[in-house]
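Scroll down for the structure; my scribbles are underneath it.
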Amino acid sequence: MSAATPFPANEPRDHALDACFLGPYGENDALLEKLLVEFLRDHVYWRRNFHPEDPPAIGTAAAHHPDYLAFESRMRRELHQLSAQLKKSVPFHSPRYIGHMASDLLLPGLAAQMLTLPYNPNNVSEDAAPVTVDLEVQAGLQLARMLGYPHDPAQPACAFGHLTSGGTLANYQALRLALALKAFPVALRAAQAPDLALPADDWAAFNLPQAETIALLEAWQGWLAAQSPAERKRWIARVERERIEQRGLVGFFAAHPALTVPKVLVPITAHYSWSKGAKLLGLGRNQLELLPTAGMRLDADALRDTLARFARERQSVLMAVAVLGGTEYGTIDPIDAVLAARTASRRTGLDFAVHVDAAWGGYLATLFRREDGSLRSRDEVAADYVAFPTPAVHAAFAALGDTDSVTVDPHKLGYLPYGSGTFVCRDHRAMALLAERADYVFHGEAAGDYLTRYRSLGQYIPEGSKSGAAAAAVYVTHKVLPLDHAHFGRLPRATVRAAEAFHAGAQRLALELADCAHVLVPFAPDSNLVCLALNPAGNTHAERANAFVRTLHDELRSDPTHPLQLKEFFGSVTSLRPDLLGPAETARILGALGLDPATLGEGGADRLLILRHTLMNPYLLDRENGISYIDRYFGFLARRVRALVGNAAVAA
Ligand SMILES: *Cc1c(COP(=O)(O)O)cnc(C)c1O
């Protein structure tokens with residue numbers, strides 16, 4: 001198939017998307033206004049109906065008092081100033097914005113959040129949020145279903161998910177939970193917990209597969225439940241004293257000299273939140289083991305070699321992280337291969353958690369889900385695209401359900417307001433180990449108790465007080481747009497198709513500019529993030545190529561000192577580092593760009609700047625007006641490249 005025609009011209013427009021957003025032009029203003037007024041009134045009636053016999057505490061004449069009027073005018077003045085300043089904001093809503101991971105907001109989420117705000121629920125616990133705590137737990141189950149985790153709370157091994165301020169905190173929560181699970185069997189041994197089939201030594205205890213640790217935890221809870229209250233209290237205290245959460249890393253590892261502080265294996269493409277997490281947990285950044293990639297996707301051979309070495313050295317491993325949609329290049333790691341490497345590693349006695357950082361790509365999983373929750377075959381998915389999904393990408397999504405935990409950001413590809421990341425773990429029973437209160441005896445709960453337990457959400461999450469409005473936004477959005485290919489999936493479908501059109505457009509641009517510049521898509525996009533490397537023809541110096549891309553990017557970045565309207569398009573920039581790329585990939589990319597390898601790395605520029613485009617806006621291909629903002633962008637880029645190359649030629 002020709003790469004130039006990924007979009008059949010006669011394809012019917014997807015009207016289901018028309019009511020999703022406020023719209024680039026504010027097209028749905030009347031709809032949003034209607035919703036806001038309706039639910040503001042509804043909220044006011046709720047206040048009045050609480051105790052209608054209570055008279056208004058603010059007198060009906062109060063609004064005429066000079067102090068009232070003075071306050072109102074000050075408030076208006078400041079709000080007008082704020083509103084005026086906000087006009088310098090980045091126009092995420094526009095199809096001319098293809099920069100960072102942001103776009104328009106889904107109306108159901110925006111409206112749900114705005115309508116919930118005046119009720120001000122605090123999801124730290126049900127006392128402060130009788131409604132929205134449940135919605136948060138339900139939203140976790142909605143995401144669990146999307147990921148292929150067990151999501152029936154009546155089943156003991158149901159998944160659990162909760163919101164965080166963002167992906168950074170969700171990744172941190174993954175580290176916390178993995179460490180709690182890893183260290184718990186060691187604590188049980190140290191406390192000589194009776195009547196349990198405990199591992200033979202500390203090394204085996206520290207390398208117990210999560211499922212076995214959870215079984216051990218269940219058995220322990222069962223044993224405790226059968227004791228008298230006094231005995232139970234004594235035994236809980238005895239085990240608590242040995243836990244890593246009580247002793248801290250220093251005390252714990254001093255007490256268990258056979259164990260080393262565990263490593264966290266992340267690909268070099270990993271987000272810097274992993275560095276923050278390692279510091280926050282006290283592991284230290286030295287414990288982050290950066291794994292090489294091939295084409296910016298985690299290199300499974302290198303992972304296997306590293307695991308074999310660690311098994312030989314008895315270096316323990318906390319978790320291996322696979323990235324589903326890398327922040328810089330949008331690439332998708334081979335999650336299936338990471339799971340296979342763990343299976344192999346288990347045979348050598350080295351076990352660890354597998355976490356997927358899907359902060360960016362998580363919602364792409366909707367493309368792979370049928371409405372009944374089952375997995376779509378690659379052929380089924382591929383029918384909508386030119387090349388997506390590659391067999392490797394399909395295999396990665398198909399393997400999600402076998403991982404231990406996942407980070408997904410509703411405030412990225414979920415098109416929701418900031419303040420909503422999520423952490424989802426496959427088996428909720430592990431969460432008992434994170435509880436702040438040590439009375440983790442949930443044994444023998446009835447099925448309905450799943451929701452009851454998590455109403456004390458503050459017990460389990462890294463944060464304390466948190467927004468119930470954000471939870472309402474996520475839950476309502478998932479109800480309006482269920483997380484399968486026929487509903488929510490239409491959004492990522494539009495963006496992946498846009499990315500394919502963008503990739504084809506980049507290839508056309510390369511031909512068009514062949515006389516004056518090298519243009520290269522360095523990695524075939526796995527999803528909806530596409531990078532572009534550029535170098536003026538005849539230039540062999542990486543430093544000059546960087547200056548060229550920097551000048552281009554200056555025209556594509558937000559600049560609060562100039563009117564927004566002067567910007568034609570918004571893009572972002574990232575870089576390629578030869579030390580991370582490896583020699584083969586570096587040679588391939590520099591060769592295609594006509595750059596001298598000696599000018600990058602040792603003694604030269606330490607990295608190569610490239611343009612980065614996040615294709616989230618569903619109106620990049622505007623069928624109403626027959627406009628392709630992608631074609632317009634490439635037209636703009638061609639003009640700018642020619643002008644810059646021409647100027648350089650004149651200057652030289
Ligand atoms: C954005 C991102 C994060 C961090 O998420 P925040 O919501 O910004 O805290 C982590 N990992 C990946 C892969 C991301 O894209």
To check you understand the geometry: which heavy-atom pair defines the closest contact between Ala139 and Val474, and what is its length? CB-CG1, 3.9 Å

Can you confirm whether Arg632 sits close enough to Ile627 that some side-chain heavy atom of one is under 4.5 Å from a side-chain heavy atom of the other? yes

Does Leu86 have more than 12 heavy atoms from other residues, nucleotides or ligands lying within 6.0 Å of its CG? yes

Pair Glu72, Arg76 - check salt bridge (Lys or Arg N to Asp or Glu O under 4.0 Å), show working. CA-CA 6 Å; Glu72 181 183 340; Arg76 279 183 180 282; 3.2 Å; yes

Could you measure the distance from the OG atom of Ser165 to the NE2 atom of His411? Nearest 0.5 Å is fine. 7.5 Å

Hey, does the side chain of Thr477 reach the backbone of Ala473 with a donor-acceptor pair shorter than 3.5 angstrom? yes

Anything under 30° is parallel, anything over 60° is perpendicular, the rest tilted; go ahead and classify Tyr385 against Phe388. perpendicular

Testing the 3.5 Å rule here: is there a donor-acceptor pair between the side chains of His613 and Tyr633? yes

Donor-acceptor check, side chain of Asp104 to backbone of Gly23, threshold 3.5 angstrom: yes or no? yes

Tell me whether the count of non-hydrogen atoms from other residues, nucleotides or ligands lying under 6.0 Å of CZ in Phe71 goes above 12. no

Start with the C-alpha distance between Arg370 and Asp372, add both sets of side-chain angles, then the distance that settles salt bridge (Lys or Arg N to Asp or Glu O under 4.0 Å), and finish with yes or no. CA-CA 5 Å; Arg370 295 199 188 102; Asp372 67 4; 5.1 Å; no

Does the gap between the ring centers of His93 and Tyr619 come in under 6.0 Å? no

At their closest point, which heavy atom of Leu621 faces which heavy atom of Ala498, and how far apart are they? CD1-CA, 4.3 Å

Do Phe423 and Pro462 have side-chain heavy atoms sitting under 4.5 Å apart? no

Does some side-chain heavy atom of His43 sit less than 4.5 Å from a side-chain heavy atom of Leu115? no

Could you name each residue pair satisfying side chain to side chain donor-acceptor pair (under 3.5 Å) that touches residues 25-37, not counting sequence neighbours? none

Are the side chains of Ile98 and Asn617 in contact, using a 4.5 Å heavy-atom criterion? no

Can Arg455 and Asp134 be said to form a salt bridge (Lys or Arg N to Asp or Glu O under 4.0 Å), step by step? CA-CA 7 Å; Arg455 283 185 189 140; Asp134 277 354; 2.9 Å; yes

Would you say the ring centers of Phe502 and Phe634 fall short of 6.0 Å from each other? yes

Give a yes or no answer on whether the side chain of Arg376 reaches the backbone of Arg369 with a donor-acceptor pair at less than 3.5 Å. no

Between Thr403 and Tyr149, do the side chains contain an N or O donor and an N or O acceptor separated by less than 3.5 Å? yes

For a 4.5 angstrom cut-off between non-hydrogen side-chain atoms, does Arg490 reach Leu481? no

Does some side-chain heavy atom of Glu136 sit less than 4.5 Å from a side-chain heavy atom of Leu457? yes

Which word best sums up how the rings of Trp274 and His355 line up, parallel for under 30°, tilted for 30 to 60°, or perpendicular for over 60°? perpendicular

Backbone N/O of Pro492 and side chain of Thr495: donor-acceptor pair under 3.5 Å: yes

Pairwise side-chain contact, His271 with Trp360, heavy-atom cut-off 4.5 Å (strictly under): no

Can you label the angle between the Phe488 ring and the Tyr415 ring as parallel, tilted or perpendicular, going by 30° and 60°? tilted

Side chain Lys412, main chain Gly167, donor-acceptor under 3.5 Å: no

Going by salt bridge (Lys or Arg N to Asp or Glu O under 4.0 Å), name the pairs with one or both residues in residues 37-63, residues two or more places apart or in two chains. none

Would you call Leu529 and Met101 a side-chain contact if the rule is heavy atoms closer than 4.5 Å? yes

No-hydrogen, no-angle side-chain donor-acceptor test under 3.5 Å, Gln173 and His162: yes

Drop me the distance from Leu40's CG to Leu35's CG, to the nearest 0.5 angstrom. 12.5 Å

With a 3.5 Å cut-off and no angle check, do the side chains of Gln142 and Arg145 form a donor-acceptor pair? no

